[in-house]
Amino acid sequence: MAAVLANPIARRLLRIPPSYFVFLVLLATLWIARPNMLNLNIMGIFVRQIVPLGILVLGQLVVMRVKSIDLSGGGIILLINYFISSGTFPGASMPFFVVLALATGLAIGLFNGFMIGSRRVSAVIVTLAVSIILVGLVQFLSSGNPPGDVPKLFNDFYNTKFLSVPTPVLFWVLLTALVWLLLSRTVFGRYVASVGENAEAAHFSGVPVQRTVILAHTLAGLIAAIAALVQTGSIAVGSVRVGLDLPILAVAATILGGVVFGRGDGGVWGPFFGALCFALLFVVMTVLGIDEPGKLIAQGVIILGAAIFYGVRVRNP
């Protein structure tokens, strides 16, 4: 194994995000099993379903680039869904809910960032605790029952298309491009790269490490709020369970996309295809007639594969 990894070609291949290979394998499987499914309209329906996950991945990759992690996204999605569907703000307009959601995500992300960046508390403990608190709060406020319906305008917007492509998918692509620009073309992006490479060296080089970590988590909270708006529009009803499985899938898709926790490596488009892999996996499993338990097992295999890849990348920089 060591001899193989010493090969320059093998090392170069190891640096290619595995999400690209998984995506091609799933695409080839679908082409062989049911080529008629490779239709823009059909694929658009399936891809649209994982847009909330894809958006959440963007926040996850930002914090992982600064050697942190965020598991609070599920709680943020659930709380915002409750705000919109519970009737707590009767007669409120869609812009009001959008501002409320973004403010909620910013506040929670800022709290996470302050506790992790300033108080040096474990990112896993803080963000997991925040998620549990938010889930418990929603359970308490709703008495464990689904809150109600979402304003029709949310679902109407979610179902729109532009040039035959679902609007949420185009929005996801645009948001991914914006995050790519932020990380590759701005001072903040250079700070993120420096902190991820070596936080101590970055500190002595004048990089505001603490502020960068705080801003990364604040941005992740904002992005989670955007994911919550899209997720709420997609289901069109209140829920006491929506989004709770997304944070761990976001971590898996991010690692599958080549972002290595603890090293600050990785780009944006690898995780983008990592999220697409889960959409394509759902299509392939459905075509092959595999039921829900089989889909869960397949998801677990992908997550396990991502973990193995992560271990190999960490041992062989």
Below 3.5 Å, can you tabulate the donor-acceptor pairs from side chains in residues 171-192 to any protein atom, sequence neighbours excluded?
unit_1	atom_1	unit_2	atom_2	d
W172	NE1	G54	O	3.4
T176	OG1	W172	O	2.8
S184	OG	W180	O	2.6
T186	OG1	L182	O	2.3
T186	OG1	G189	N	3.1

Exercise for the section: Determine, stepwise, if the pair I255 / V251 fulfils side-chain contact (heavy atoms from CB on, under 4.5 Å). Expected result: CA-CA 6 Å; I255 295 175; V251 172; 3.9 Å; yes
Handout entry: Verdict with supporting geometry, Q231 and L56, side-chain contact (heavy atoms from CB on, under 4.5 Å)
Key = CA-CA 11 Å; Q231 181 74 79; L56 197 63; over 6 Å; no
Practice task
Could you walk me through whether V150 and N155 pass side-chain contact (heavy atoms from CB on, under 4.5 Å), step by step?
Solution key: CA-CA 8 Å; V150 170; N155 190 248; over 6 Å; no
Practice task
Walk me through it: do V195 and V207 pass the test side-chain contact (heavy atoms from CB on, under 4.5 Å)?
Solution key: CA-CA 8 Å; V195 173; V207 174; 4.1 Å; yes
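Residues I84 and P151 meet the side-chain proximity criterion, which asks for heavy atoms closer than 4.5 Å. Looking at L30 and L26, their side chains never come closer than 4.5 Å, going by heavy atoms from C-beta outward. Contact annotation: the side chain of L134 never approaches that of L78 to less than 4.5 Å [non-hydrogen atoms, C-beta and beyond]. In this structure, the side chains of L219 and L215 stay at 4.5 Å or more apart for every pair of heavy atoms. Contact annotation: the side chain of K161 never approaches that of L170 to less than 4.5 Å [non-hydrogen atoms, C-beta and beyond]. In this structure the side chain of P17 never reaches within 4.5 angstrom of the side chain of F273, judged on heavy atoms. D149 has its side chain within reach of V237: a pair of non-hydrogen atoms, C-beta onward, lies under 4.5 Å apart. Two residues are said to be in side-chain contact when any heavy atoms from C-beta on lie closer than 4.5 Å; R65 and V62 fail this criterion.
A pairwise comparison of heavy atoms in G274 and F278 identifies O-CD1, 3.3 Å as the closest pair. Across every non-hydrogen atom of S86 and P147, the tightest pair is CA-CB, 3.8 Å. Residues S72 and V130 approach most closely at CB-CG1, 4.0 Å, considering heavy atoms. Taking all atoms of both residues into account, the shortest heavy-atom contact from V287 to A33 is CG1-CB, 4.1 Å. Contact record, M43 with L38: CG-CA, 4.2 Å, taken as the closest heavy-atom pair. Here the shortest heavy-atom pairing between I77 and A224 reads CG1-O, 4.0 Å.
Connection of L288 to F46 is established within a shared hydrophobic cluster, with ILVMFWY side chains joined at heavy-atom distances below 4.5 Å, either directly or through further cluster members. Linking Ile, Leu, Val, Met, Phe, Trp and Tyr whenever their side-chain heavy atoms come within less than 4.5 Å puts V230 and I235 in one cluster. Residues L27 and V301 do not share a hydrophobic cluster, defined by chaining ILVMFWY side chains whose heavy atoms lie under 4.5 Å apart. Linking ILVMFWY side-chain heavy atoms closer than 4.5 Å, directly or via other members, places I125 and L71 in two distinct hydrophobic clusters. No path of Ile, Leu, Val, Met, Phe, Trp and Tyr side chains, each step under 4.5 Å between heavy atoms, connects I133 with V121, placing them in separate hydrophobic clusters.
Relative orientation of the F83 and F89 rings is perpendicular, given thresholds of 30° and 60° on the angle between their planes.
Around atom CZ of F111, no more than 12 heavy atoms belonging to other residues, nucleotides or ligands sit under 6.0 Å away. Remark: Y20 OH is packed, more than 12 non-hydrogen atoms of other residues, nucleotides or ligands lying under 6.0 Å away.
Atom CG of D70 is separated from atom CD1 of I76 by 6.0 Å, given to the nearest 0.5 angstrom. One distance of note links CD of Q60 with CD1 of I223; it measures 10.5 Å at 0.5 Å rounding.
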